[in-house]
Amino acid sequence: MNTTNEPNRDRYYITTSIPYVNSRPHIGHALEMVQTDTLARYHRQRGDDSRFLTGTDDNALKNVQAAEVEGLSVQELVDRNAEYFRGLRGPLDLSFDDFIRTSSERRHTEGAQKLWRLCVEAGDVYQKSYEGLYCVGCEQYYTEGELVNGLCPEHGVRPELVEEENYFFRLSRYAGELERLIESGEMRILPETRLNEVLSFVRRGLEDFSISRSQARARGWGVPVPDDSGQVMYVWFDALANYITALDYVTEGELYQRYWVENPNRVHVIGKGILRFHAVYWPAMLLSAGLPTPTAVCVHEYLTVEGRKISKSLGNVIDPTAMVDRFGTEALRYWLLRDMPRTEDADFTFDRLAIRYNTDLANDLGNLLNRTVSMIVRYRQGVVPQPGEATDAEREFERIAAAIPAGVESALDDFDFRAALASIWELVLRANRYVEESAPWTLSKAERGGDEAAGDRLDTTLYTLAEALRLLSYHLAPFLPSTSERIAAQLGIAAEAGAPSEAAAWGGLTPGVRVAAPQPIFPRIEVASSV
Ligand SMILES: [Zn+2]
C-alpha cells in the first residue's frame, strides 16, 4: 500500500533509548517504554502513519564486563538479556513495530559505518592521542569539574584514567548550528528545564569528543571503525545511529525515506542522564553527515524505589514483569503515566501504586462502569435506551467531552501524561457526580409508580452514562489499551470504533446496543505497607 499520497495523514516516528543489557530490565525501563508506547498508540489512533522503535545496546563495555563476571561470551550474555527486554512487550502491553539489536544485525553495523564515513568525508573525524577520566557505566569521559567528590555523578564510582590514540569528532564546529536548531524550535527539547540545560551547555562552547577506542580496551567487542582494524566505534556513536539504521538507512530504503526524511515528527524519548548525547552529539553527527536531525527530544526524570536510587548493588531492582504478575498491566501503566512528575524524580512504592489504583481505577472508573452496566441491565433489560431531551447536566457532558481531544493533544505535545489523563478524568469525575445527582434508583421507583417523565429521565441518564463510558474507552485506549477494550466489551461495542473525529464526538453511541453482563474490571488491591 502506498501511503505517501494519502491526504491529511501525519507521519510520526518515535523511539525509546536503547538500554545496555548487562542485567535485566527494571521499572525505569518500564517507564520509558510505557511513555513511548502511549505516544505511539495515540498517534496511531489519530490515523497518523506511525512507527515505534525500541531495542538494545549490545555493544556497551558494561556488557563485556558483565559477561566476564558471569563467565559467558559477550554474545551469549547479550542474546540472553536482550530477550528480557523484548519480553516486556506482553507484560507491559507494548506495541513497538521493530526491535533492533546493535550487536547482531547487519543493517546496524553497516549503517553505523556508513554514517561514520560521511562524517569522515565532511572533514569532521581526526586522530588524536588522549588522556581522560572514563566512567564505564556512562561510557563517557568526564572532566574533573564534572565529577562529584572525584566520583561519577551518575554512578558514584571513580572513573578510570584512560590514555590512547583515538578518533575524534569535530563537535566544536556545530555549536552555532545546534544553538540555532534548539532556539528556533526546529529541534524541541521537553520539558523546558531540559531545554535550558542543553542551551547553556552548548553556549559554554563544545569540545570535540572521542568516537573510537582501541580494540584492546573494547576487548574486540563493538562495531569496527571503517578502514582501521585497530579501533572500534565508541559505543555511543553506534548506539545513537540505531535510530536510523533500524530504518534501513544503509540502503536508504523506503522506511528511511518515509520515517526519517519525509517526516515532520522524528521523536526520541530518553532519560535525563543521556540528554547530552541525544540533544548535542547525535544531532551534530547528523548535521555532519548532512542528514535530517530529530524534531523532538522528550526527557523523563528518574524513578527511585522505596526512597532509593535503582541499582543492582542496592538489591532493590524492581522487575516490571514481576510487578505485572502481582498488580496487573493496567495498574503499573497507570501509575507510571499518572504519578510520574515531568520535572522531578518520583519515588515508587507498592503502597503508592495500590492507593492510586484503588482510588482512580477501582473506585472512580471501575465503579462507574459497573454501576452503569448494572443499571442498564436492571432497569432496561440490558439495552441502552434512546435518550430524551437534554438538560443542562447533559449539555455539560457535551462540553467536557468536546474539550478532551484538545486537552489530550496539547498535554501529549508537551510530553505531559499527567495532564492528559487529568483532562480525560474530568469526564470520569463528572459522570460519578451525575449518578448521585440524578439518582436513577429513585427515577426507576417513580417510573414503576406510573411517572412517565421519570422514565424518560431514566432513559436519558442511562444513555448519558453509557456514552460517557464509550468516550472513556476511546480516549483511554493509548494509555490503558486493555482497559479500553474491556470497557467497550462491557458496553457491547467495538473498541475505538469509528474515525477519530466521529468517535470523539458526543452522542456516538447507538441506542439499542445490548450491554454485557456486568463484571468488575478492577478488583481492589490490598494495601500493605509491609511489602
Ligand atoms: Zn557513570
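Because the structure is a prediction, the values reported are computed rather than measured. Quick note: numbers below take in every heavy atom, side chains included, and nothing from hydrogens, waters or symmetry partners.
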Check your understanding: Are R188 and D413 close enough for a salt bridge, meaning some N to O gap below 4.0 Å?
Key -> yes

Review point. Just how far is it from atom CE of M285 to atom CG of L115, taken to the nearest 0.5 Å?
Key: 5.0 Å

Point to revise | Check: N63 side chain, S23 main-chain N or O, donor-acceptor pair, under 3.5 Å | key: no

Check your understanding: Salt bridge check: are R333 and E330 linked by an N-O gap of less than 4.0 Å?
Key -> no

Exercise for review: Answer yes or no: is there an ion pair linking R203 with E183, defined by an N-O contact shorter than 4.0 Å?
Suggested key: yes

Exercise for review: Output yes when a side-chain donor or acceptor of N166 lies under 3.5 Å from a complementary backbone atom of S210, and no otherwise.
Suggested key: no

Review point. Is a donor on one side and an acceptor on the other found under 3.5 Å between the side chain of R266 and the backbone of N263?
Key: yes

Practice item. With side chain to side chain donor-acceptor pair (under 3.5 Å) as the test, would you mind laying out the steps for S103 and N59 before giving the verdict? Key: CA-CA 6 Å; S103 68; N59 294 327; 5.1 Å; no

Check your understanding: What is the distance from atom CG of L291 to atom NZ of K114, rounded to the nearest 0.5 Å?
Key -> 8.5 Å

Review point. Which word best sums up how the rings of Y243 and H278 line up, parallel for under 30°, tilted for 30 to 60°, or perpendicular for over 60°?
Key: tilted

Check your understanding: Charged N to carboxylate O below 4.0 Å: is that the case for R51 and D98?
Key -> yes

Review point. When you check the side-chain N and O atoms of E409 and Y42, is any donor under 3.5 Å from an acceptor?
Key: no

Point to revise | Geometric class of the Y334/W425 ring pair [parallel <30°, tilted 30-60°, perpendicular >60°] | key: tilted

Check your understanding: With a 4.0 Å cut-off, would you call K272 and E154 a salt bridge?
Key -> no

Review point. Can you tell me how far CZ of F350 sits from CD of E306, rounded to the nearest 0.5 angstrom?
Key: 6.0 Å

Review point. Which heavy atom of G156 sits nearest a heavy atom of L151, and at what distance?
Key: O-CD1, 3.6 Å

**Study point:** Residue pair E262 / R11: nearest heavy atoms and the distance that separates them
**Key:** O-NH1, 2.8 Å

Point to revise | Expected output: side-chain S212 to main-chain Q231 donor-acceptor under 3.5 Å | key: no

Check your understanding: Between D58 and T102, is a side chain to side chain donor-acceptor pair (under 3.5 Å) present by the stated rule, with each step listed?
Key -> CA-CA 5 Å; D58 294 354; T102 58; 4.7 Å; no

Review point. So, are R276 and E146 salt-bridged, with charged N and O less than 4.0 Å apart?
Key: yes

Exercise for review: For D49 and Y12, test the side chains for any donor-to-acceptor distance below 3.5 angstrom and give the result as yes or no.
Suggested key: no

Exercise for review: Return the minimal non-hydrogen interatomic distance between E179 and L199, and the atom names on each side.
Suggested key: CG-CD2, 4.0 Å

Check your understanding: Hey, does the side chain of N22 reach the backbone of K62 with a donor-acceptor pair shorter than 3.5 angstrom?
Key -> no

Check your understanding: Hey, which of T38, N265, D48 is the one that makes side chain to side chain donor-acceptor pair (under 3.5 Å) with H43?
Key -> D48

Practice item. First locate atom CG of D238, then atom CD1 of I18, and finally report the distance between them rounded to the nearest 0.5 Å. Key: 7.0 Å

**Study point:** Reported CZ-to-CZ distance for the pair F277 and F237, which is rounded to 0.5 angstrom
**Key:** 13.5 Å

Review point. Are D97 and R44 close enough for a salt bridge, meaning some N to O gap below 4.0 Å?
Key: yes

Review point. Should R213 and E139 count as an ion pair when the cut-off is N to O under 4.0 Å?
Key: yes

Check your understanding: Minimum heavy-atom separation for H155 to C135, with atom names?
Key -> ND1-SG, 3.7 Å

Practice item. Check the angle between the aromatic planes of F209 and Y281 and answer parallel, tilted or perpendicular using the 30° and 60° thresholds. Key: parallel

Point to revise | Pair R258 + D248, salt bridge at N-O below 4.0 Å | key: no

Check your understanding: Is there a donor-acceptor contact under 3.5 Å from the side chain of D345 to the main chain of Y302?
Key -> yes

Check your understanding: If we ignore angles and hydrogens, is there a donor and acceptor under 3.5 Å between the side chains of Y84 and H29?
Key -> no

**Study point:** For Q127, all residues meeting side-chain contact (heavy atoms from CB on, under 4.5 Å), sequence neighbours excluded
**Key:** E165, Y167, D228

Study note, to complete from the structure: To the nearest 0.5 Å, atom NE2 of H300 lies from atom CG of L190 at 13.5 Å

Practice item. Output yes when D79 and R101 qualify as a salt bridge under the 4.0 Å nitrogen-oxygen rule, no when they do not. Key: yes

Check your understanding: Would you call R194-E301 a salt bridge at under 4.0 Å N-O?
Key -> yes

Study note, to complete from the structure: Taken in chain and number order and not counting sequence neighbours, the residues that satisfy side-chain contact (heavy atoms from CB on, under 4.5 Å) with R342 are P191, D414, D416

Point to revise | For R356 against W335, the heavy-atom pair lying closest together | key: CB-CD1, 3.9 Å

